[in-house]
Amino acid sequence: MSAKNTVFGLKGNIVYSKTPMQLEICENGYLVCEEGKVKGVYPALPDTYAGIPVKDYGDRLLIPGLSDLHVHAPQYAFRGLGMDMELLEWLETNTFPEEAKYRDLDYAKKAYGIFAENLRKSATTRACIFATVHREATLYLMDQLEKAGLRTMVGKVNMDRNCPDYLSEASARSSAEETKLWLEDVKSRAYHNTMPILTPRFIPSCTDELMKLLKEIQTETGLPVQSHLSENYGEISWVQELCPESEFYGDAYDRFGLFGNDVKTVMAHCVHSDAREIARMKANGVFVAHCPESNMNLASGVAPIRTYLDEGLHVGLGSDVAGGSTENLFLAMAHAIQASKLRWRLKDDSLKPLTLPETFYMATKGGGAFFGKVGSFEEGYDLDLIVLDDARLKHPQQLSIEQRLERMVYLADEREIHAKYVAGEQLF
Ligand code: GUN
Ligand code: FE
């Protein structure tokens with residue numbers, strides 16, 4: 001079931017989203033895939049497909065692969081550690097010292113090997129990934145992800161101010177030069193699954209000159225951009241000091257042309273975005289990567305995702321390892337629901353908590369849209385698919401398909417992932 005130039009069917013209990021409002025469920029249904037793309041989902045196999053090979057997954061659940069719109073590969077090594085600080089102190093204490101280790105390629109090989117292997121086994125089929133400033137280590141990470149078969153966008157990080165000397169790039173110019181060399185290396189690797197993405201860490205660690213140079217590279221290459229936005233109060237006031245001419249945090253990116261419009265852009269967090277920032281994100285088509293566990297661990301707050309969904313913004317989920325402790329996006333869905341309930345109860349009862357269908361939508365079609373027609377089983381979508389086997393988690397009562405999915409959101413880990421397809425190719 002892996003060759004792209006074939007037609008094949010998959011049989012099982014199929015669940016996917018068309019809209020955030022409701023789940024599409026086809027019990028004991030057939031999904032037909034042709035040339036790596038979904039042709040359709042059917043309660044019975046249509047006559048035109050009679051005789052195609054069909055893999056029967058029995059009573060298991062078939063769902064779209066999940067998209068992680070924001071994860072830091074080098075931080076995977078210290079996930080679950082040092083969570084009792086807010087963002088800026090946490091960066092200085094935990095993050096920068098760990099990221100500095102990736103200067104040493106031997107260390108990077110060990111750490112990134114573990115990351116790529118665990119991501120392969122997870123429900124994640126697509127991801128937007130931060131590496132570090134180090135070119136060699138970033139290429140090694142990309143090699144591993146390419147081999148793992150996941151479809152990813154990976155960024156060599158840019159940072160030329162407000163970080164320790166042992167990690168900071170020497171100047172805007174050298175940061176840009178390293179980025180160009182990295183892009184040349186990437187080009188020569190001719191990856192099939194792995195794409196570069198420009199990655200200014202966040203405004204506090206990038207000078208105006210660096211942002212200008214990155215815009216030049218962006219214009220030349222047409223590459224997408226990922227960064228952080230309005231995550232933490234201290235960070236937001238710092239940006240206002242560093243860029244007094246910007247109207248709001250997001251405007252500090254937009255002034256350099258690195259905030260959506262013809263530049264595909266994903267911004268992590270958006271916890272404290274004000275009405276002007278939300279309007280700009282909407283007008284510019286900027287994607288929001290909602291990272292609920294990180295928002296809790298770093299005591300950043302809880303992003304108003306209900307507002308973003310109502311406004312029609314593009315919203316997906318991110319693990320934000322190691323602000324988040326796990327690459328498991330099922331838990332990110334559960335955390336998104338839980339965080340929205342606390343926000344509703346404690347902060348603003350006009351914004352109703354998120355529902356299971358909304359959260360499932362964000363993890364699949366919402367985030368998948370950053371990669372194209374990804375994250376749904378509607379016709380023409382790339383076949384990214386996870387087969388979930390929930391038999392390990394025994395229960396005495398009858399459960400509907402929707403209930404079984406809900407249980408997976410709260411309880412599943414890699415042990416439930418029975419099979420995985422990415423863009424029509426079966427990984428396992
Ligand atoms: N802002 C700038 N860098 C980081 C990072 O590594 N993690 C998070 N959560 N926020 C950031
Ligand atoms: Fe982050």
Side-chain angles (χ1 to χ4, degrees), residues 68-102 111 115 127-134 138 141 153-164 167-169 175 197-207 210-211 225-239 242 249-250 252-253 258 265-273 287-303 316-327 329 332 335 339 367:
D68 189 341
L69 283 192
H70 186 75
V71 55
H72 296 262
Q75 298 176 19
Y76 195 67
F78 73 93
R79 69 197 187 285
L81 292 172
M83 294 297 198
D84 44 8
M85 286 165 262
E86 287 191 51
L87 174 67
L88 300 176
E89 187 191 0
W90 175 81
L91 287 173
E92 291 285 332
T93 311
N94 290 337
T95 308
F96 293 155
E98 180 64 28
E99 290 195 10
K101 295 182 188 168
Y102 291 74
F115 173 76
C128 289
I129 302 175
F130 280 54
T132 62
V133 293
H134 311 96
T138 303
L141 170 64
M153 299 187 189
V154 181
K156 181 206 112 50
V157 169
N158 297 97
M159 47 202 293
D160 71 334
R161 70 172 173 188
N162 292 322
C163 54
L167 191 58
S168 184
E169 297 179 288
S175 177
I197 180 166
L198 295 175
T199 306
R201 179 172 212 119
F202 66 159
I203 290 289
S205 53
C206 300
T207 59
L210 176 54
M211 296 298 278
V225 171
Q226 60 180 352
S227 194
H228 295 94
L229 181 65
S230 296
E231 177 177 5
N232 166 285
Y233 287 127
E235 171 209 24
I236 293 167
S237 31
W238 197 15
V239 169
L242 290 165
Y249 191 162
Y253 294 105
L258 296 171
T265 302
V266 57
M267 287 286 160
H269 304 303
C270 310
V271 174
H272 304 290
S273 299
F287 278 69
V288 174
H290 176 42
C291 308
E293 197 203 349
S294 169
N295 291 173
M296 295 190 273
N297 289 334
L298 299 178
S300 303
V302 181
L317 289 182
S319 64
D320 193 29
V321 164
S325 62
T326 176
E327 73 281 15
L329 288 177
H335 290 142

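In listed order, ligands and their atoms are each counted from 1. Since the structure is predicted, the reported quantities are computational estimates derived from the model, not experimental observations.
Of the protein's heavy atoms, Arg201 NH2, 2.7 Å lies nearest to atom 6 (O) of ligand 1.
For His70 and His269, the gap between ring centers is short of 6.0 Å. Close placement of the His228 and Phe130 rings is indicated, their centers lying within 6.0 Å of each other.
Judged purely by atom type and a 3.5 angstrom limit, Glu99 has no side-chain atom pairing as donor or acceptor with the backbone of Pro74.
The atom of Asp320 nearest to the Fe ion (ligand 2) is OD1, with the search restricted to N, O or S atoms.
Below 4.0 Å from some heavy atom of Glu231 lie the following atoms of ligand 1, by number and element: 1 (N), 8 (C), 9 (N), 10 (N), 11 (C).
The closest approach between any non-hydrogen atom of Glu235 and ligand 1 is not below 4.0 Å.
With rounding to the nearest 0.5 Å, the separation of CZ in Phe202 from CG in Leu91 is 5.5 Å.
Only the side chain of Trp90 comes within 4.0 Å of ligand 1, counting heavy atoms alone; its backbone N, CA, C and O stay farther away.
For the Fe ion (ligand 2), the set of nearby N, O or S atoms under 2.8 Å includes one belonging to His72.
Checked by atom type, the side-chain pair Glu235/Tyr249 shows a donor-acceptor distance below 3.5 Å. There is no side-chain donor-acceptor pair under 3.5 Å between Asp160 and Ser175.
When only interatomic distances are considered, the shortest N/O to N/O separation between Glu99 and ligand 1 does not fall below 3.5 Å. By the 3.5 Å distance cut-off applied to N or O atoms, Asp320 is counted among the residues near ligand 1.
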Inset, instruction - Take Arg79 and Glu293 through the salt bridge (Lys or Arg N to Asp or Glu O under 4.0 Å) test and state the conclusion after the steps. - result: CA-CA 12 Å; Arg79 69 197 187 285; Glu293 197 203 349; over 6 Å; no

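Centred on the Fe ion (ligand 2), the angle running from His228 (NE2) to His70 (NE2) is recorded as 90°, rounding to 10°.
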